[in-house]
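Working notes, structure below.
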Number of protein chains: 2
Amino acid sequence: MKLDGIYEGLHDGLRRRILCLLRNGELCVCHFQEILGASQVQISKHLAYLRARALVEVRREANWMIYRLPDQLAPELAAHLACLEECVRGDPIFRRDLLQGRRLRGRKARSGPQCCTPPISKPASTQLARP
Amino acid sequence: MKLDGIYEGLHDGLRRRILCLLRNGELCVCHFQEILGASQVQISKHLAYLRARALVEVRREANWMIYRLPDQLAPELAAHLACLEECVRGDPIFRRDLLQGRRLRGRKARSGPQCCTPPISKPASTQLARP
DNA sequence: TAAGAATATATCTATATCGGTATATACAAT
DNA sequence: ATTGTATATACCGATATAGATATATTCTTA
């Protein structure tokens, strides 16, 4: 594995949070949106960036794209992810990310094939009626 | 210490070679030029980049600027440098760098206050006489 | 087949980075 | 004071990156 790709991947804070989250298990794009509070495009592009460097892998599950760390985790990548996690262990942001990740994974496991809960953005009440 | 700065520093191959070299002891700019085979400006700018992020420190010795890792090495930086070295242990480029670094440090120790040997670029023979 | 949901990509803009050339700075030696 | 040596900085152009908006793709469901 190329070191360049690893450091390029780790060069951005959002991507570091994504990779740390993935260390605890796979997640889909909407999960990342919810946990990281970032836009769909932003998440999708960072994931594409990581994919292009073989730092993550994907599979499709119905409408959802489920991301995970590579099945054959290169030792260099494993080492750097471990190092990163070691360094952010005390960081409240990363701690919160992990908690939320655990929560969402649990929720998905319970709700069956449904991946994401009804969109958090909308109040789930009414369509906004416009003249 | 900011993780951003660390990953910015490690984002470039030359800078990685510089940092690995410094793990074995201090070096001056001309040494880096000789070992890495890069231009003065290139080296100087990469070192400025590392300095701006507190990844290296400098002291002046006559005409020479001697670079070293920070006296108080932040644990995050130490961890990442160890991780990097672990990953490049087998890389012939890095191996050669370390050997050359050791050689140049020895040469300096022997030659006293003189830092660098007479410029390798010039044949040390004649000035080129031009009409 | 049409509509909707989840995700990806295209395009644009602003900014950072990298390397090069030219020039400035700081010190040493004469 | 002048010259030389080692290093740093200014400026320029090419390329990469990050975010935003708009649009395309892919699958599901009615």
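Just so it is clear: chains get the letters A, B, ... in the order the sequence lines come, proteins before strands, and each one is counted from 1.
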Inset, instruction - Evaluate the ring planes of B/Tyr67 and B/Phe32, with Trp represented by its six-membered ring, and classify them as parallel (under 30°), tilted (30 to 60°) or perpendicular (over 60°). - result: perpendicular
Least distance between heavy atoms, [X] atom then [Y] atom:
X       : Y       : value
B/Leu77 : B/Leu73 : CD2-CD1, 3.6 Å
B/Gly9  : B/Leu55 : CA-CD1, 3.7 Å
A/Ile18 : A/His46 : CD1-CB, 4.1 Å

Rounded to the nearest angstrom, tell me the gap between atom [atom1] in [X] and atom [atom2] in [N].
X       : N      : atom1 : atom2 : value
B/Leu47 : C/dC18 : CG    : P     : 13 Å
A/Glu26 : C/dT7  : CD    : C1'   : 17 Å
B/Tyr67 : D/dT7  : OH    : P     : 9 Å
B/Tyr49 : C/dA16 : OH    : C1'   : 8 Å
B/Phe32 : D/dA6  : CZ    : P     : 16 Å
A/Met65 : C/dT9  : CE    : C1'   : 13 Å
B/Asp4  : D/dT17 : CG    : P     : 16 Å
B/Gln33 : D/dA6  : CD    : C1'   : 9 Å

Inset, instruction - Establish, yes or no, whether the cationic atom of A/Arg53 lies under 6.0 Å from the six-membered ring centre of A/Tyr49 and within 45° of the ring axis. - result: yes
Legend entry - Cation-pi geometry met for A/Arg89 and A/Phe94 (6.0 Å, 45°): no
Inset, instruction - Determine which pairs satisfy salt bridge (charged side-chain N to carboxylate O under 4.0 Å, His left out) with at least one residue from residues 63-72 of chain A, sequence neighbours left out, and list them in order. - result: A/Glu57-A/Arg68, A/Arg68-A/Asp71
Inset, instruction - Within residues 8-23 of chain B, find the residues that approach DNA chain D with a heavy atom at under 4.0 Å, and present them sorted by residue number. - result: none
Inset, instruction - Sugar-phosphate atoms are those with a prime plus P, OP1 and OP2; base atoms are the rest. Using that split, label each nucleotide of nucleotides 20-30 of chain D B, S or - for protein heavy atoms under 4.0 Å, 5' to 3'. - result: BBB---BBS--
Inset, instruction - Verify whether the ring centers belonging to A/Tyr7 and A/His80 lie closer than 6.0 Å. - result: yes
Inset, instruction - Could you tell me whether the side chain of B/Arg15 and the main chain of B/Glu8 form a donor-acceptor pair under 3.5 Å? - result: yes
